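Below you'll find the structure, written out as structure tokens, and then a few comments.
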Amino acid sequence: MIQDIIKGQIATALYSLYQITIAPENVVIEKTSDDYSGDFTFVVFPYLKASRKSPAATAQELGAFLNDNCSEIDSYEVVTGFLNMSIKQEYWLNFLSSSYSISNYGFAEPNSKEAVLVEYSSPNTNKPLHLGHIRNNLLGYSVAEILKATGHKVITCNLVNDRGIHICKSMYAWMQFGNGETPESSGLKGDHLVGKYYVLFDQKYKSEIKELCLNGMTEEDAGKKASSILAAQELLVKWEANDPETVGVWKMMNEWVYRGFDVTYKKLGVNFNHYYYESNTYLLGKEIVQEGLDAGIFYKKDDNSVWIDLSEEGLDQKLVLRGDGTSVYITQDLGTAELKFADFNCNRSIYVVGNEQEYHFKVLQQIAIKLGKSYAPGIFHLSYGMVELPHGKMKSREGTVVDADDLISEMELTAEETTKALGKMDGESEENLKKLYHTIGMGALKYYLLKVDPKKKMMFNPEESIDFQGNTGPFIQYTHARIKSVLRNAGSNEFRFEPNEVSLSKVEKEILVKLYHFPLVIAEAGREMSPGVICNYVFELAKNYSQFYHDHQILKEVNLNQKNMRLQICELSAAVIRSSFSLLGIEVPEKM
RNA sequence: GGUCUCUUAGCUCAGCUGGAUAGAGCAACGGUUUUCUAAACCGUAGGUCGAAGGUUCGAGUCCUUCAGGGACUACCA
């Protein structure tokens, strides 16, 4: 890349002018600020001691050297300690001509890098998905796609949390009050039906606690003695003992939930290469606990519970196995971690899990290190921030959630209303329109959620609808549709031009430079595991293109060279928008 | 109490390993369509980057302290 050429030349210049030895890759150059002319800037302040000259004089000397020795540099300009270099127009034009017809421009050779496992979604099977899960799913899907684009072999998996006390709660409520209600008999989507009983359980449980408290019991005791929680716990014991009736209900209700999830996953456009079920893996960790005991890393307390002391690592003493021998979260996660690396022979295992579990993953990794597991360094918690509502966190049991299915429907509806109001798609078939509404609605939703840095918490206000204008998915989709319209009208897709016969306007050059940087943007997004990097990039590209489209004629341009150059810009811009959005899991329409 | 984290325009957010006069979108106000899709384009206004110190040629960015949010610190997951 041109940056590497310049860095190499600067390293040479620094050595021959001032005897400074520096490796080319350690030379830092940056994009020239918009307020100055030039493409790249080298800041000379750090080298003044060696040059023993003023900032301007140093920059001037370096600029002259580079201008003489680097054929790609067209001119340079010095502003105090800043050396601004302009690259020859020909360089950008050659890049355009040689790249515009490459459909997967910017993507690395598939499977050219080590295998990576990405776990995401990982839902509980006692309630439907909500907005927080949507963020998780979109993030996991997108990060997997980004890593693929950087050349990694990627395996996605979903660890389904299908057992435990929370599952028994909805089971118990259904057995008590359900009267045999099914998704078919109620017309409810399976996950929503089960969620209804989860909420019902909580209401019942709370009213029991209230009553016990009125009879003089403390709230803490009441929480342990309420009859419904005792019943749920009994159900859990029965489940672990493989009681046929309990297991039967469990299987049936989980099946309802899975069918419901499948519908939502399909609408979200996410999928998994592999499913793990906690009911299958929860026993595995116990072997590792034994291993740790044998190695003297874990220790037993008098009540038979097993612990590890991580206070030297800045963490506390942590329980790894209950006194009654049943496993806790960390127990099964130790087992699953081992299983994952064994199943897929990968070096890295990424967990897309909320930041509320940071402590848990620190513990997990520390234990793996202490056990001497070779895979320990490969455990990576991709910790993302919670989605908050104006009133605070979402709570399933309290009903303060934004339901995933509802939100998706709302987005499709808004897309439909907006499209109809604009009237551009009149006469299109009902089937195409339906698909378009989905594409646009999901484009708005996905872009909205993915543009925020994953590490940061984000605010969602249900009162304010998600925008379709400005820095949004639909704007970028619209930009793509306009480009495709131009390309359809262009007829051919062979656009040859003579580099010497065209001129580049400011915005045309900006687009070219931006397109040129696409591979670097993918690399950065992969390094940071941040789809937001792609969002920022593709928005700027779309904005540049829109300005270009507004300011310049394309098909009506009389200079054939100029026209074809612009058509190449169209072609590559459309491809990069499409590719960028594919990394976000968003489709782009041909018309809208 | 301890650990971690956040605070940038009225609102939602960018700001790459420290670099030039801190940027978008929305909302507000004004303008642009006989011409390739106006879900667009152009302009105006809006800021003590939570506060105070420090590090240095240079700090929104790094360090310390403080204020205010949030998360975690369960024989829950």
Side-chain angles (χ1 to χ4, degrees), chain A residues 28 30-36 41 43 45-46 48-49 55 79-82 84 122 124 161 163-166 278 301 303-307 314-316 318-324 326-330 332-333 353-360 362 383 385-386 388 392-393 415 418-419 421-422 424-425 440 444 448 451-453 455-461 464 467-479 481-490 520-521 524 527-528 532-533 535-536 539-540 542-543 545-557 566 570 591-592:
Chain A
V28 279
E30 50 208 85
K31 182 185 173 301
T32 301
S33 159
D34 288 333
D35 304 328
Y36 299 87
T41 294
V43 183
F45 291 111
L48 297 181
K49 272 183 192 150
V79 182
T80 63
F82 297 90
N84 300 327
S122 307
N124 291 346
N161 199 319
R163 62 162 284 278
I165 189 70
H166 49 292
E278 197 195 317
K301 284 193 178 173
D303 63 1
N304 235 19
S305 57
V306 182
W307 296 72
L315 306 165
D316 298 321
K318 302 299 297 181
L319 174 96
V320 295
L321 195 68
R322 289 197 187 100
D324 64 4
T326 59
S327 66
V328 289
Y329 185 38
I330 195 83
Q332 57 110 355
D333 247 14
V353 177
N355 62 11
E356 55 197 356
Q357 293 189 32
E358 276 174 10
Y359 195 84
H360 171 77
K362 276 183 193 161
S383 167
M386 299 288 105
E388 288 175 14
K393 264 190 80 170
T418 310
T419 304
L422 290 167
K424 294 178 187 178
M425 299 300 288
I440 297 173
Y448 178 85
K451 75 175 174 184
V452 180
D453 183 337
K455 291 191 286 293
K456 295 189 179 172
K457 66 179 179 196
M458 66 179 297
M459 174 66 75
F460 177 80
N461 187 350
E464 298 167 10
D467 277 316
F468 280 50
Q469 289 170 355
N471 187 358
T472 67
F475 163 59
I476 295 160
Q477 288 173 321
Y478 174 69
T479 308
R482 281 164 121 192
I483 302 175
K484 293 308 258 194
S485 177
V486 172
L487 291 171
R488 274 193 302 273
N489 292 330
L520 291 181
V521 173
E524 192 197 334
R527 208 167 44 239
E528 304 287 323
V533 171
C535 291
N536 291 337
F539 171 61
E540 279 178 31
K543 212 165 45 156
Y545 183 88
S546 289
Q547 197 197 342
F548 158 75
Y549 180 88
H550 178 268
D551 291 353
H552 302 293
Q553 296 201 316
I554 302 166
L555 296 171
K556 289 179 182 167
E557 169 60 50
R566 288 183 181 153
C570 290
K591 294 184 202 168
M592 71 183 270

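Computed from a prediction, not measured in an experiment: that's the story for all the values here. Naming: A, B, ... by sequence-line order, numbering from 1 per chain.
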If I pick the P atom on B:U48 and the same atom on B:G10, what distance separates them, to the nearest angstrom?
8 Å
Between B:U12 and A:E464, counting only base atoms on the nucleotide and side-chain atoms on the residue, is there a donor-acceptor pair under 3.5 Å?
no
Aromatic-base stack, A:F82 on B:A20, cutoff 5.5 Å, angle under 30
yes
Would you please indicate if the ring centroids of A:Y545 and A:F548 are separated by under 6.0 Å?
yes
Base partner of B:A67, which must satisfy Watson-Crick or wobble distances under 3.5 Å:
B:U7
Between B:C36 and A:S485, is there an OP1 or OP2 to side-chain N/O distance shorter than 4.0 Å?
no
Is A:F45 stacked on the base of B:G58, with ring centres under 5.5 Å apart and planes under 30° apart?
no
It should be established whether A:R163 places a side-chain nitrogen or oxygen under 4.0 Å from OP1 or OP2 of nucleotide B:A77.
no
So, is A:K362 near the phosphate of B:U3, with a side-chain N or O under 4.0 Å from OP1 or OP2?
no
Any donor-acceptor N/O pair under 3.5 Å between B:A20 base and A:T41 side chain
yes
So, under a plain 3.5 Å distance rule, would you say the side chain of A:D333 forms a donor-acceptor pair with the base of B:A77?
no
Tell me whether the side-chain N/O atoms of A:R482 come closer than 4.0 Å to OP1 or OP2 in B:C41.
no
